[in-house]
Amino acid sequence: MTSKTVEDDKYVWLEDVEAEKCLDFAKSSNDKCLQALGDPKDGPTYDRVLSVLESEDRIPHVSSYGRDEAGERILFNFWRDKANPKGIWRKTTASEYKKEELKWEVVLDVDKLAEKDGISWVWKGASALARKRDPMSDNGRVVTRVLMNLSRGGSDATHLKEFDLLSGEFVPEGEAFILPEAKTRASFKSRDVLLVGSDFGPESLTDSGYPRTVREWARGTALEDAPTVFEGEKTDVAVNGYIADERSFGGSLWQIHSRSITFYTSKYYMAKLTEDHLLPQSERPEGLPELEFKELDIQEDAEIDYYCNMLFISLRSDWTPKEGGKTYKTGSIIYCDWETFLSEGKGGTDYKVLFEPTDRTAYEYMTCTKDYMIVSTMNNVKSKLHFYKIGDGGNSLTLVSEDSDPKIRDCSVRPIDAIESNEFWFTLSSYTQPSTLFLADAGKVEEPVESAEDKFIVTKLKQLPEQYDSSGLVVEQRMATSKDGTEIPYFIVMKEGVELNGKNPTLLYGYGGFEISLGPHYVATSGLAWLERGGVYVEANIRGGGEFGPSWHQAALKANRNKAYEDFIAVGEHLIESKICKPKTLAIRGGSNGGLLMGNMYIMRPDLFGAVHCAVPLLDMKRFNQLLAGASWMAEYGNPDTSDWEDFLYKYSPYHNIDESVESYPPMLVTTSTRDDRVHPAHARKMVKKLWDLGEGKDWPIYYYENIEGGHGGAADAKQSAFMTSLAYDFMFATLTKNAEAMD
């Protein structure tokens, strides 16, 4: 097929998200789905999934917002449960948090706010005013203000409201920073000044629907009068403006502007500020020099981070900053003196290597306490931590400790308060081990102790009880060989000694895009809805992800997208060759970019799978760039308005490759959300309607459910999430079980 033979899209009417006939299509499809599959609320998993999602036993993860007047650290947590389905934002103290039965003070009740406003609010987080830049913080003791983001029904677009933590109330209108629904990016420059990008009217958004300009908005002034301080191009993905305040760590005060040119390329511009530059423009001293922004002379596909006086550069391609000098490898993290780089340029700066990858290692993230930098890496999709001492007034790093071996586990490191402490929250989990939260201290890595493993742990604070019966389960990492000979790792979770008869209900999950990695983590819903029922659970680390760094991701970009699909097929075939399952007992599941993966597996290999769950998917690759945020993904997929369509894009557009000659496609459940303003629900709607029309009289069982709320996550609260989860798992398990019984 080429673009010359692609018929006019007669299902384009389904792109009108909230048109009456489109909502009628969604509602009637939902009714048909439940009539065919049954209401999951009456099924075997809904109540248990809901009980897990609303459980009081979950770990209440917290963030520090300074100290109270008695010197106690103040900890905030957002919490949903049966009594608070939309959630409460609450606080406690550090000493109280260590107790088993702790007391909380509710700061904001989202359920009550939703009832008062008559809007189905969904919490989207809060960003704090930095204590260092707040004259009301009592010399940096406490956070006093936040910008709160609330979404209608779970969409990415949010309403921005300013909240006063001292009074426990929203800042009154007329005084407050308030913005209507948009995909806003806003942060405090100072207490009375915001750097904000939003929907300001015509030409203020990019083609992807994100901010194209940054304004400096002073409190008490009209937003339309706020001066534009930075702007990008209409074709950019987005622009942003923010403050990097490193003064507490011996560094400087910077204002950074960035243009995300594509999903993977950016330009950065920096200017050094004085305290007076934080004031509203009308209050700045006469003669204060204007800010002089300098563009960072780095490759457009590089990313930056910073701490103290050090600038960190993450490379997506090889880089030779000095003519005739050393070339730094793709996937490396290098660093240098921040101010020297700006003043002398890339050729006049000395660089050091923080991380250099091998074929099977990749950088994950870095984070800092007061005196240490903690770096997380992966070795063959296994976790490893490295601890560096920050020295020389914030100008140098020295490796002082690291894990002896990489481990099959998920570990999260979050500093408690990097300004004043080396303590951090350390969370551990694995496929079968529930999350455990520890209080840790980076300084302990330098203490002489007998055991070198996790010696930074101070005490265990909280542990999630087992949410399902994991007794007898084993976790293994195996390898499949893709079509081009590349080894593809995957994790498999199953009962020890599972019978190799091909009848085991097996669920294979995949994503394979946007440099996102899959790895060991505790997912109670998969455990109780699949593993506890005797199923086998598998996650495939296919190309397109980030498991082995940028090169692994880039191997499946654009014209090479087929590599991700060949990898996934190879894992499925390896499971069958291993006699874990047969095609009829192998289900597959994926969402978003993983939904595109599912659509292509459905079209390419209907013989290989027994059931498919395709969630919040991309499926129409001819029009994806014209729908919502789709234009921002052309760096991943290609541009269908160019020769990319004929050259390769049409080959993996499931919507355009339905084969009418196929008599039997596997049963597929497609789910999405009306309120998803990232991946347009029309992808799912159009694919399903087309399959129904072309498949009339054929063995093409297709089921469609569109949640009217939920955003890109598919659900707006615990009950919706339990409903959608149970619908999918019950469909897949029942289908495979029936197929296994038919093998006898």
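These numbers come from the heavy atoms of this one structure, side chains and all, not from hydrogens, waters or symmetry mates.
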Determine whether a donor-acceptor pair (N or O, by modelled atom type, separation under 3.5 Å) exists between the side chain of [X] and the backbone of [Y].
| X | Y | result |
| --- | --- | --- |
| Thr672 | Glu706 | no |
| Gln467 | Ser55 | no |
| Ser190 | Leu278 | yes |
| Asn77 | Ser63 | no |
| Arg141 | Gly66 | no |
| Asn422 | Asp371 | yes |
| Glu547 | Leu518 | yes |
| Arg219 | Glu175 | yes |
| Asp81 | Ala83 | yes |
| Arg414 | Val62 | yes |

Is there a side-chain contact between [X] and [Y] in this structure, where contact means two heavy atoms from C-beta onward sitting under 4.5 Å apart?
| X | Y | answer |
| --- | --- | --- |
| Tyr242 | Arg185 | no |
| Val122 | Arg675 | no |
| Asp39 | Phe723 | yes |
| Tyr65 | Thr144 | no |
| Val413 | Ser376 | no |
| Val475 | Val493 | yes |
| Ser421 | Arg73 | yes |
| Pro406 | Val381 | no |

Rounded to the nearest 0.5 Å, how far apart are [atom1] of [X] and [atom2] of [Y]?
| X | Y | atom1 | atom2 | answer |
| --- | --- | --- | --- | --- |
| Glu100 | Lys462 | CD | NZ | 8.0 Å |
| Phe76 | Glu105 | CZ | CD | 8.0 Å |
| Phe438 | Thr427 | CZ | OG1 | 9.0 Å |
| Lys189 | Leu129 | NZ | CG | 14.0 Å |
| His613 | Thr725 | NE2 | OG1 | 8.5 Å |
| Tyr363 | Thr377 | OH | OG1 | 10.5 Å |

Should we say atom [atom1] of [X] is surrounded by more than 12 heavy atoms from elsewhere, each under 6.0 Å from it?
| X | atom1 | result |
| --- | --- | --- |
| Glu476 | CD | yes |
| Lys370 | NZ | no |
| Glu446 | CD | yes |

Carefully, step by step, assess Leu165 and Lys91 under the rule side-chain contact (heavy atoms from CB on, under 4.5 Å). CA-CA 10 Å; Leu165 295 179; Lys91 66 179 181 179; over 6 Å; no
Ion pair check, [X] and [Y], cut-off under 4.0 Å:
| X | Y | result |
| --- | --- | --- |
| Lys99 | Glu96 | yes |
| Lys455 | Glu447 | no |
| Arg145 | Asp134 | no |
| Lys384 | Asp403 | no |

Can you tell me if [X] and [Y] form a side-chain donor-acceptor pair at under 3.5 Å?
| X | Y | result |
| --- | --- | --- |
| Asn504 | Thr506 | no |
| Arg191 | Ser137 | no |
| Tyr729 | Arg589 | yes |
| Ser120 | Lys86 | yes |

Using ring-ring contact (aromatic ring centres under 6.0 Å, His included) as the criterion, point out the one residue from Tyr306, Tyr372, Tyr307 that pairs with Phe249. Tyr307
Name of the residue among Tyr522, Trp530, Phe491 meeting ring-ring contact (aromatic ring centres under 6.0 Å, His included) with Tyr431: Phe491
Looking at [X] and [Y], what are the two nearest heavy atoms and their distance?
| X | Y | value |
| --- | --- | --- |
| Ala176 | Glu162 | CA-OE1, 3.4 Å |
| Ser430 | Arg409 | CB-CA, 4.5 Å |
| Tyr705 | Asn30 | CA-OD1, 3.2 Å |
| Lys444 | Val458 | CD-CG2, 3.7 Å |
| Ala362 | Gly546 | CB-O, 4.1 Å |
| Ile88 | Asn84 | CG2-OD1, 3.6 Å |

According to the interplanar angle, ranging from 0 to 90°, do the rings of [X] and [Y] count as parallel (below 30°), tilted (30 to 60°) or perpendicular (above 60°)?
| X | Y | value |
| --- | --- | --- |
| Trp89 | Trp123 | tilted |
| Phe426 | Phe424 | perpendicular |
| Tyr97 | Trp425 | perpendicular |

Please determine whether salt bridge (charged side-chain N to carboxylate O under 4.0 Å, His left out) holds for the pair Asp138 and Arg67, giving the CA-CA distance in whole Å, both sets of side-chain angles, and the decisive distance to 0.1 Å. CA-CA 10 Å; Asp138 192 12; Arg67 296 183 182 272; over 6 Å; no
Give the intermediate values and the outcome of side-chain contact (heavy atoms from CB on, under 4.5 Å) for residues Met366 and Leu354. CA-CA 10 Å; Met366 69 171 69; Leu354 179 68; 3.6 Å; yes
Walk me through whether Val110 and Phe78 qualify under side-chain contact (heavy atoms from CB on, under 4.5 Å). CA-CA 10 Å; Val110 181; Phe78 184 74; 3.9 Å; yes
I would like to know whether Asp417 and Arg131 meet salt bridge (charged side-chain N to carboxylate O under 4.0 Å, His left out); could you show each step before the answer? CA-CA 12 Å; Asp417 189 336; Arg131 290 172 281 162; 2.9 Å; yes
Cation-pi geometry met for Arg133 and Phe188 (6.0 Å, 45°): no
Should Thr158 and Leu150 be marked as a side-chain contact (heavy atoms from CB on, under 4.5 Å) after you check the CA-CA gap, both sets of side-chain angles, and the distance that decides it? CA-CA 5 Å; Thr158 61; Leu150 296 165; 6.0 Å; no
Here's a test for you: under side chain to side chain contact (heavy atoms under 4.5 Å, CB included), which of Val474, Leu531, Val536, Leu473 qualifies with Lys495? Leu473
